[in-house]
Amino acid sequence: MNFNLILFSILFSTTSLVAQEADSAISQPLGIIDTIIVSGNHKTKAYVILDEMALKPGILATSEAIEYDRSRIYSLGLFTRVDIFYDSLQGQRFLAVDVSERWYLIPVPLFGFRDGDPKKPYYGAGVLHNNVGGNNQKLFASAVFGHNPSFELFFADPLIDRPNNLYASEDISLARIRNRSEREILRAGSFDERHFDVHGTLGKRFSLYETLGLSAGFHYVEVTNYQPGRTISPRGRDRYIYGTLSYTYDSRDLREYAASGSFISLSISKNGFGEFDVNFTRFSADFRRYIPLPATFTLATRVDGTIVSGGEIPTYSRSYFGYGERIRGYFKTVFEGENLFGGSVELRFPLLPARTITFTAIRLPTEFSIWRFGICLALFVDTGVTWFRGEGISLNSFASGYGGGVHFLLPYSVVLRTEYAFNEYRKGQFIFDLRASF
C-alpha cells in the first residue's frame with residue numbers, strides 16, 4: 001500500500017476512534033464554588049487570572065476542571081507556579097488560586113542560525129515587558145543583525161475594553177530577507193528583499209475560547225535584482241494595503257504543549273485593494289485536536305493549509321515547507337508553491353510529568369527560584385505538499401516522514417525537541433528544535 005495513503009488513514013481516522021473512550025473519563029466532583037480567592041499576584045491584576053478560568057462561582061468544581069484551569073493560567077506566560085485547590089471554611093466553599101510571578105522585564109539575547117543552517121548566523125538583542133501595568137500587556141522591541149537583519153516594535157493589549165472584551169495590537173517592522181525561493185536561484189540567481197510593514201489589529205473575545213479579529217496594514221517590498229515575478233511591479237518595488245479577518249477557537253489546556261482541547265484558526269487576507277499592482281487573496285486554516293488517552297497518553301493531530309486566488313503571486317508571498325513549517329524526515333528540505341497543505345499525528349507520553357521545583361540551596365529572587373520541568377516521549381508521522389495554481393496533485397505528490405523523540409518542557413515556556421525521523425525512502429535525520437511541533 002502507498003505510504004502516504006497509510007499516513008492519511010491514520011491522520012483522519014484516529015481522532016474519531018479514540019474520542020469516545022477519552023470522553024468517557026469520569027472526573028471526581030468536589031462541590032459547588034461560592035467564591036474564588038486569588039493570591040500571590042503582586043503585580044498581575046486578579047481579573048487577568050479569573051478571565052482565563054472556566055470555573056466560576058456557582059459551578060461544580062471537579063479535579064479535572066481544576067487541572068485544566070491550572071494549565072490555562074500557566075499558559076498566560078506570567079507565572080512560574082500555579083496552584084489551585086478547593087476547600088470550605090465556615091460553610092463558605094471556595095476555590096483558592098495561588099501563583100508565583102515570573103520576571104516580567106526580560107532582556108532577550110537573540111542569536112542562532114536561520115533555518116538551522118550554520119552558514120546563516122544571526123545575532124542581536126531585544127527587550128520584552130511581558131506584563132505592562134499588570135494587565136498582561138506585551139511590549140517587545142528587537143534589533144537583529146547577521147543573516148536576515150531586522151528591527152521590530154510590537155505592543156499588544158489583550159483587553160483594551162473589558163466590558164466589551166475588546167483587544168488590540170500594533171506592530172512595525174523593517175527587515176532585509178535573503179530570497180527563500182530555490183526556483184528563483186536556479187532561474188536567475190539569488191537576491192535580497194527589503195520589507196517594511198506596519199499594521200494594527202482590533203478584535204473581540206466572544207467567550208473563553210473564541211475570538212474574532214480584523215487587521216489592517218501597509219506593506220512595502222523592494223528587491224535588489226529585479227526579475228519578473230519577484231515583485232508584481234516592473235520597477236521591483238511593491239507597495240500595498242492589506243486586511244485580514246481571522247477567527248480563533250482555542251480550548252487547549254497548555255498552549256505551549258497541549259494534552260487536551262482543540263485549536264481552530266481561520267483567516268482571509270486581502271492583499272491590495274486596487275491602489276497599486278498587488279491584488280490577491282489568501283485563505284488559511286489550521287485545525288488541531290489533543291485527545292487524552294488511558295495511561296496518560298495524548299494523541300495530538302493537526303491538519304492545516306493555505307490557498308490563494310486572484311492575481312499574480314509574487315515570490316515573497318509563496319508558501320514553504322522547510323522554514324517555519326517543516327516535514328520531519330525532510331526537515332531541511334525546502335518545498336515551495338503558492339498553496340500548501342500539511343498534516344501531523346503525534347502520540348505523546350509524559351515520562352516525567354511537568355512539575356514545579358523550588359530551589360532553596362541557592363538564594364535567588366522568587367522569579368528565578370521556581371522552575372517547571374517535564375519530559376515527554378513522542379512518536380509522530382508528518383506529511384505535506386505545496387503546489388502552484390494549475391498543477392495537479394495526488395497522494396504521490398506528498399512528502400512524508402515518521403519517527404520519535406524526547407521532548408523537554410523547560411522553564412519560561414520553552415520546549416526543546418530532540419528527534420530522529422525517516423522519510424518514505426527510509427533516509428534518516430536527527431532533529432533539534434526549540435519549539436513544540438504543534
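Because the structure is a prediction, the values reported are computed rather than measured. Residue numbers run from 1 in the order of the sequence given.
Thr356 places none of its side-chain heavy atoms less than 4.5 Å from the side chain of Thr80. His219 places none of its side-chain heavy atoms less than 4.5 Å from the side chain of Asn271. Between Thr201 and Tyr167 the shortest side-chain heavy-atom distance falls below 4.5 Å. Side chains of Ile264 and Thr248 form no contact here, defined as non-hydrogen atoms less than 4.5 Å apart. At a threshold of 4.5 Å between non-hydrogen side-chain atoms, the residues Leu159 and Tyr47 count as touching. Counting heavy atoms from C-beta on, the side chains of Glu101 and Asn41 come closer than 4.5 Å. When side chains are defined from C-beta on, Val223 does not count as touching Asn179, because their heavy atoms never get closer than 4.5 Å. With a 4.5 Å cut-off on side-chain heavy atoms, Asp286 and Phe263 count as touching.
Remark: side-chain polar atoms of Glu184 are not paired, donor with acceptor, to backbone N or O of Arg230 under 3.5 angstrom. Looking only at distances, a side-chain donor or acceptor of Arg72 sits under 3.5 Å from a matching main-chain atom of Arg252. Between the side chain of Tyr412 and the backbone N or O of Trp103, at least one donor-acceptor pair lies under 3.5 Å. The backbone N or O of Leu55 lies less than 3.5 Å from a partner atom in the side chain of Asp69, making a donor-acceptor pair. Using a distance-only test at 3.5 Å, with no hydrogens or angles considered, a donor-acceptor pair links the side chain of Asn130 to the main chain of Gly77. Not one N or O on the side chain of Ser262 forms a donor-acceptor pair closer than 3.5 Å with the backbone of Ser251. No side-chain donor-acceptor contact under 3.5 Å links Ser413 to the backbone of Glu256. Side-chain N or O atoms of Arg102 include one that pairs as donor or acceptor with a backbone N or O of Phe79 at under 3.5 Å. Judged purely by atom type and a 3.5 angstrom limit, Arg426 has no side-chain atom pairing as donor or acceptor with the backbone of Asn423. Distance alone, capped at 3.5 Å, places no donor-acceptor pair between the Arg70 side chain and the Ile73 backbone.
Classified by interplanar angle (parallel below 30°, tilted 30° to 60°, perpendicular above 60°), the ring pair Phe373/Trp371 is tilted. The aromatic rings of Tyr104 and His129 sit parallel, their planes meeting at an angle under 30°, below the 60° perpendicular limit. Using bins of under 30°, 30° to 60° and over 60° for the plane-to-plane angle, the ring pair His195/Tyr316 lands in the perpendicular bin.
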Between Tyr402 and Thr383, does the side chain to side chain contact (heavy atoms under 4.5 Å, CB included) criterion hold? Intermediate values first, please.
CA-CA 9 Å; Tyr402 61 94; Thr383 189; over 6 Å; no

Walk me through it: do Thr386 and Tyr320 pass the test side chain to side chain contact (heavy atoms under 4.5 Å, CB included)?
CA-CA 7 Å; Thr386 60; Tyr320 296 89; over 6 Å; no

Could you walk me through whether Phe331 and Phe430 satisfy the side chain to side chain contact (heavy atoms under 4.5 Å, CB included) test, starting with their C-alpha distance in whole Å, then the side-chain angles of each, then the deciding distance to 0.1 Å, before giving a yes or no?
CA-CA 9 Å; Phe331 198 72; Phe430 285 102; over 6 Å; no

From CA spacing to verdict: side chain to side chain contact (heavy atoms under 4.5 Å, CB included), Phe408, Ile375:
CA-CA 5 Å; Phe408 299 90; Ile375 302 175; 3.9 Å; yes

Go through the steps to decide whether Arg417 and Glu346 satisfy the test salt bridge (Lys or Arg N to Asp or Glu O under 4.0 Å), and finish with yes or no.
CA-CA 13 Å; Arg417 290 171 29 238; Glu346 197 164 277; 5.6 Å; no

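The minimum heavy-atom distance linking Val198 with Tyr242 is given by the pair O-OH, 4.2 Å. Annotation for Leu340 and Ser319: closest pair CB-CB, 3.8 Å, computed over non-hydrogen atoms. Closest approach of Leu409 to Ala354, counting heavy atoms only: CD1-CB, 4.3 Å. Asp98 approaches Ser39 most closely through the heavy-atom pair OD1-OG, 2.7 Å. Shown here for Ala259 and Asp253, the closest heavy-atom pair between the two residues is N-OD1, 3.0 Å. The two residues Thr281 and Lys270 have their closest heavy-atom pair at OG1-CD, 3.1 Å.
A salt bridge links Arg328 to Glu419: at least one charged side-chain nitrogen sits closer than 4.0 Å to a carboxylate oxygen. A salt bridge between Arg205 and Asp51 is absent, with no side-chain N of the basic residue lying under 4.0 Å from a carboxylate O of the acidic one. A salt bridge does not link Asp304 with Arg288: none of the charged nitrogens is closer than 4.0 Å to a carboxylate oxygen. We find that Glu325 and Arg302 are joined by a salt bridge, their nearest charged nitrogen and carboxylate oxygen being less than 4.0 Å apart.
Counting heavy-atom neighbours within 6.0 Å of Phe206 CZ, excluding the residue itself, gives a total above 12. Counted within 6.0 Å of CZ on Phe388, heavy atoms from surrounding residues, nucleotides or ligands total more than 12; the atom is thus considered enclosed. Heavy-atom neighbours of Lys427 NZ from other residues, nucleotides or ligands within 6.0 Å: at or below the threshold of 12.
Side-chain atoms of Ser173 and Asp197 include no donor-acceptor pair closer than 3.5 Å. Side-chain atoms of Ser269 and Thr244 include a donor-acceptor pair closer than 3.5 Å.
The stretch residues 333-342 participates, sequence neighbours left out, in these side chain to side chain donor-acceptor pair (under 3.5 Å) pairs: Ser181-Glu336, Arg318-Glu336, Glu338-Arg389.
For the atom pair CG of Leu60 and OH of Tyr86, the computed distance is 8.0 Å after rounding to the nearest 0.5 Å. Separation of atoms CG (Asp382) and CZ (Phe321) is listed at 8.5 Å; rounding is to 0.5 Å. In this structure, Arg187 CZ and Ser190 OG are separated by 12.0 Å, a value rounded to the nearest 0.5 Å. The CD1 atom of Ile66 sits 8.0 Å away from atom CE of Met53, with the distance rounded to the nearest 0.5 Å. Between the OH atom of Tyr249 and the CG atom of Leu212 there is a distance of 15.5 Å, given to the nearest 0.5 Å. Expressed to the nearest 0.5 Å, how far NE2 of His407 lies from CG of Leu416 amounts to 9.0 Å.
In this structure, Arg348 forms a cation-pi arrangement with Phe438, its terminal cationic atom sitting closer than 6.0 Å to the ring centre and no more than 45° off the ring axis. Taking the ring centre of Tyr122 as origin, the terminal cationic atom of Lys120 falls outside the region bounded by 6.0 Å and 45° from the ring axis.
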Show me the side-chain donor-acceptor pairs of residues 139-151 shorter than 3.5 Å, one per line, residues at least two apart or across chains.
residue, atom, partner, partner atom, Å
Asn148, OD1, Arg178, N, 2.7

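Proximity of the aromatic rings of Tyr330 and Phe335 is defined here by a centroid distance below 6.0 angstrom, and this criterion is met.
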